[in-house]
Each structure stands twice: as structure tokens, then as C-alpha cells.
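Remarks on the structure that follows.
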Amino acid sequence: MKEQDQERRKIISVKNLSKIYDMGAVKVHALRGIDMDIYHGEFTAIMGHSGSGKSTLLNIFGCLDVPTGGKYYLDGDDVSHMDKNQLARMRNRKIGFVFQTYNLLPRTSALENVELPLLYNPEIGRKERKERAMNTLESVGLTDWSEHFPSQLSGGQQQRVAIARALVNDPVIMLADEPTGNLDTRTSFEVMEIFQELNRKGITIALVTHEADISKFATRNILFRDGRISKELMIENVKNAREELDKLPPEDEDL
Amino acid sequence: MKLQNLFVIALRSLNKNKIRSLLTMLGIIIGVASVIAMLAIGQGSRDSIENQISGLGSNVIMVFPGATFRGGVATAAGSAQSLEMADLEAIRANCRSVKYISPVARSGGQIIAGSNNWNSSVRGVYNEYFDIRNIEVESGSRFSETDERRASKVCVIGQTVAENLFDEYTDPVGEKIRINKIPFTVIGLLKEKGQGGMGEDQDDIIYAPFSTVQRRMRGARQNIQQIYISAVSEEKIKLASEEIDNLLRTRKNISKYEDAPFRIRTQTEIVEMFTSTSNTMIVLLAGIASISLIVGGIGIMNIMLVSVTERTREIGLRMAVGARGKDILRQFLLEAILLSLLGGFIGAVMGIFSSKLFVAIMGWPVTVSSFSVIMAFSFAFVVGVFFGWYPASKAARLIPMDALRYE
Ligand SMILES: Nc1ncnc2c1ncn2[C@@H]1O[C@H](COP(=O)(O)OP(=O)(O)OP(=O)(O)O)[C@@H](O)[C@H]1O
Ligand SMILES: [Mg+2]
């Protein structure tokens, strides 16, 4: 594809998307008609109050959950009508998902955690799997930690393993639900530095965050309120995580 | 999914959860091993009892002096002079289905040969006894009717007695021994018979003429402790026992409907009696064994169900990175199959091994039947696979988000 086509390539497109959680007595309208497009190369931050429906939307984007109504196109494919197996294939080939709580397999080395998505892709052999997992770990700066178990890693390192796992299948979009929610400022910025680097290499990213600080590293901010998009803006001068890190007081003075 | 990847996933998962894998296997191992061992012991004792009874001799009928009830007063077994030599002679003379007959007098005591001594039991029997019991002489000969008539001090000894009284260079035949200070001449050495069904040594025995034992060792008491009879053929056993019963009742003036002061047991009856007791024992042991199998099964179930929360999240995560429901099911099924196979195998080996250990330590007879191995193995396999697979099959039907959120 030419550079220009890439620019206009719609990775995600939702139309009138709704999600209702039927709790029997009450029906929770988590999403009330969302229209939204995400183009290739964008770095979108989704903001909003607690309970406004951010995670619900991201889970649907990630094919982890299904919408109640509306249309969802992922990389041109109509996801709304897919069965479970087709959705699994989408998750395996097109999506990289990063959770707030990392969700790494315990007692399993960083490398094997990163390998996991490739084990469910029959097109990838043993050799390629190992190579790709190792390369991806390297790209998040964890080459030396490949044999460590999650319990032997810091929160920031665990999240980097999770990012590598989301990246290893070469997804069309990376989705991250409050990836810095469990981390301190410095570590959050370090994680955001990785996201910015990936975005610079052309990877499309959508992340959910509570913190205004974090959203300023994205190119586009979307504000949620009560299951609807209430505001949307392009960030003029995107902050650079590397520079922000340098501005932080030296580490030993943090205490 | 590629088969190779499936194995990688399942083996990694078992390896990461060693404790859970071990506990699951333990249930299977205990269940399988105990069933095999219990049934082996039960089956073994039945087999050996049957062997022993068939080793009793050919077409054997035994007559015992029995407790009698007259006017509600029981007289102790054998204390009444219920069986006399005259009875024996009458049976020989009148019962046409009887081939051989021999009384038995039991005694025993210290046996001395030179500077060696040994304790053994002594049976006083007729020459015919050897034919009834199929006892064969290895060297020398049995005693004769003349020996019986004269109450000669001669005897035939078993291998164990010979080994304990004489060194290996001495031929016992022709040697002199003393049984309770009475001098005897050894005229024959019996063939080795080995262990009996109860683990007793059948070669630790001395036979002497009945009259010798009865008169010289038991103090000329007239009652007979037991009569051994052999019927002319297997089909005639029942007829012979009826003839004997009728004759003895007539001689003792007891009607058919009264309790007799003697008991007649045929080989067939004894076989049936012991088979039914040992069947009861097998049922009992099988009951205990199935309880341990069930306990093992519940153990497996517990482990699987307890880990279901942790595993449901794991399933959620695997699905989040692209596993389909059937990939998850195959993984759990393979895990369960591998565990059950390995556990079943170890259990079978341990069951067979501990059965052998019983033979070695307790001297108990055991027979490991392939039926018990197959039965225990398949039961454990089914339980293991079902409880490994069932919770997973529920989780695999969830949408990934619900599995990830599962509590
Ligand atoms: N599985 C569920 N069952 C029922 N209701 C749910 C479920 N998940 C979310 N909800 C409801 O849907 C609404 C939106 O939830 P969602 O998790 O998307 O909010 P959020 O914006 O991510 O909030 P937060 O910032 O606290 O993570 C909430 O009212 C929540 O209670
Ligand atoms: Mg949320």
C-alpha cells in the first residue's frame, strides 16, 4: 500500500454501537450509540469518568466482548456477524490487548508468555515463534529478563512483557485498558515512552486512561460521558515521554 | 491448532502446575494401586485355598467325630467315642463306593537324630492313606500292612524333617530317630510338596503306622480323630458319603432326622465352603478397594474444581490471545489424559509391586488379575479425564471477557 492509502486506512470503524448489560431487574446502558473511526497510525486516548463505558468499548474493539447493537468493522471486516471461532482468529491475528493487571501466566517465563499468541497460530513454526518472541522482548528492552517469571519482575517490567505479548503477532491495532493504572509516575512515563516509540514505527494504538498527564502523549483524545462521546480533540503539541521523563526529579530524590 | 503446539501448551501447563498435577495423579495412583493390591490378595487367597483343597487328594471324604446334641447337652467334638475302629471296619466291609480308607491319629513332639533335634507333627495312618492323599515317596518305601499289624516303630519323613535332622550327605532311609524318646526307623523319604495354601510347610511331617501312633503315642485310646476315605470315582463321592452316613446311623441307632455324632465332609463340599468364604472376602476387599478408588476420584475432582477459578482466568487469557473454545478443550483433555495415563500406570506398577511385597514379607499368596488392572485403570482414567475436562468445557463456552472476570 502507498503511504497515502495507509494514512486513510480505517483500522476501526463503529456505527451506532451500543452495549446493554442485562442484569435481569435493571438494564445497564454501557454504550449508547457510538460512532467512531480510528485510522492507521493514530494514537488515540479514551478518557472519561468511571463507569462511562470506556472499558466496554475497548473490550468490544478487542473482540473480547460482543456489542448489543450497531456495526463494527475491524480492518475492513464486519465483526458484528462473526462467530466465536472467527472472533478468536481476529484476536489472534489483528489485535494486541494490554490489560491494567497485566494478566500474565504465573510460573511462566517472560519469553513463554510472549510466545503464547503464536502458539495459537498454526502458520508459525517453532523456530519463527522463538525468534519473534525474543525480538519483541528486545524491542521493549527485556532481553535480559526473558527467563524470569512474572513474580520476579517489577510492575513496569510485567507490563512491558504484556506489551510484548500484544505486539508479537504483529497486530493492526494495540488496545490498552489503563496500562499505567497500577504504576507510579516514572514507570508510567516509561511505559508511555514505549507506546510512543511503537506509534512512531507506525503501530496504531488506542488506550484508555484516567490521567490527563497520560492522555497528552496521544495524538487524539476522546472524552466519554455516560456511554456517549462527549468531546473529541486532536492534540496540537503532543508531549514527548522521553523528555517528560528527563524533567522528572532524579530517581533517588523521589523518596 | 497444530498438534505439536497442543502438546507444547499442555505439557507446559502441567509442568507449571506441578503440585496440582501431582495431587491429581496421587488420587489416581492411590485408587488404582489399592484396587489392584486388594483384589490380588483376595484372588490369591482363593486360588491357594482351592489349590490346597485339590491337593487334599483324590475323591476324598472325611469323617470327623462331631459334637452331638442330646437333650440339649452338647458333648465336645471328639470327646465322645463316636468313631471307633469297628465303624471303620464296617465301612470298609459294606460301603461299595469306598475304595480306600484310613484312620488318622495325630501326635507330635520332639524328634531326635544323633545330636540334632526338631519339633514336628506325627500322623498315624494306614498304608492306604498315601493313595488317598496322593503322597509319593522319593526314596525308601511306605510301611506295610505287617507294620500296621505289629505296630512297628517305623516312619516315613518329609523333606523338612530330613533337612533338620540329617546333613546333606546322609541318606535318612535306614537311620534311627527318636520321637518323644521312642526309637523309630526311617524307612522312607517323601517327595517335596512345598508350601500349603495357608503358607504352612507341608514337608514338615512324619507318618507312622496308625496302630503305632495310636497305641504307643496316644495311650491306646480307642476313639479315632478322623477317617480319610477315597471314593471309587469322582461321580461316586456323593453316593459313598450317603452310604457311609446310612451305615454309621444304623450302627449308632440314630434316625435320619437326628443330629449325628459325626460329620462327613466331601472334597466337593469343602471346595464349595471355602470358595464361598473367599468370595465373601473378595467382595469385602473389592468394597474397600472401590472406596479408595472413589476417594481417589473425589480427590481428583476437588483439585480440578478448586483450581477452576484460577484456570478460568487462564482460559480467558488464552482466548484473549486467540485460542478458540476447541483449542482450550483439547488442551484440558490432553492434560487430563496425560495425567490419568501416567497416574494409572504408576498406580498399576505400585499395585503390582505392593502385591509382590505382600508375598515377600507376609508370605501371603497373591494373584494379580489383568481384570483388576484393566478395571482400576479404566475407572481412574474416566474419572480423571472427566473432571479434567468438564470444568474446562464450561469455561470454554464463556466469552473471553467473562472468563477473564470470573471469580
Ligand atoms: N460485566 C458487566 N455486567 C454488568 N454491568 C457491567 C459489566 N461491565 C460493565 N458494566 C457496567 O457498564 C458501565 C460501564 O462500565 P465500564 O467498565 O465500561 O466503565 P469504565 O469507563 O471502564 O470505568 P472505569 O474507569 O471505572 O474502568 C458501568 O455502569 C458498569 O457498571
Ligand atoms: Mg474501565
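Convention: sequence-line order gives letters A, B, ...; per-chain numbering from 1.
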Top contributor to chain B contacts, counting heavy-atom pairs under 4.5 Å, from A:Leu64, A:Thr101, A:Asn92: A:Leu64
Plane angle bin for B:Phe377 and B:Phe381 - parallel if under 30°, tilted between 30 and 60°, otherwise perpendicular: parallel
Best-contacting candidate, A:Arg126, A:Glu115, A:Glu123, A:Met90, against chain B by heavy atom pairs under 4.5 angstrom: A:Glu115
Region of A:Leu118 in contact with chain B, defined by heavy-atom distances below 4.5 Å: backbone
Heavy-atom pair count under 4.5 Å with chain A, highest-scoring of B:Glu310, B:Arg12, B:Met319: B:Arg12
CE/B:Met281: more than 12 non-hydrogen atoms of other groups inside 6.0 Å: yes
Atom NZ of B:Lys394: over 12 foreign heavy atoms under 6.0 Å: no
Sidechain-backbone polar pair: A:Thr108 side chain, A:Leu104 backbone, donor-acceptor under 3.5 Å: no
A:Asn121 portion near chain B, given a 4.5 angstrom heavy-atom threshold: backbone
Partner chain A: residue of B:Gly316, B:Gly325, B:Pro400 with the largest heavy-atom pair count (under 4.5 Å): B:Pro400
Contact origin within B:Leu3 toward chain A - heavy atom pairs under 4.5 Å: neither
Partner chain A: residue of B:Asp402, B:Asn15, B:Leu6, B:Asn17 with the largest heavy-atom pair count (under 4.5 Å): B:Asn17
Geometric class of the A:Phe97/A:Phe99 ring pair [parallel <30°, tilted 30-60°, perpendicular >60°]: tilted
Residue that, paired with A:Pro67, satisfies side-chain contact (heavy atoms from CB on, under 4.5 Å) out of A:Ile20, A:Ile60, A:Asn59, A:Leu31: A:Ile60
Portion of B:Arg313 that has a non-hydrogen atom of chain A nearer than 4.5 angstrom: neither
More than 12 heavy atoms from other groups under 6.0 Å of CZ on A:Phe149: yes
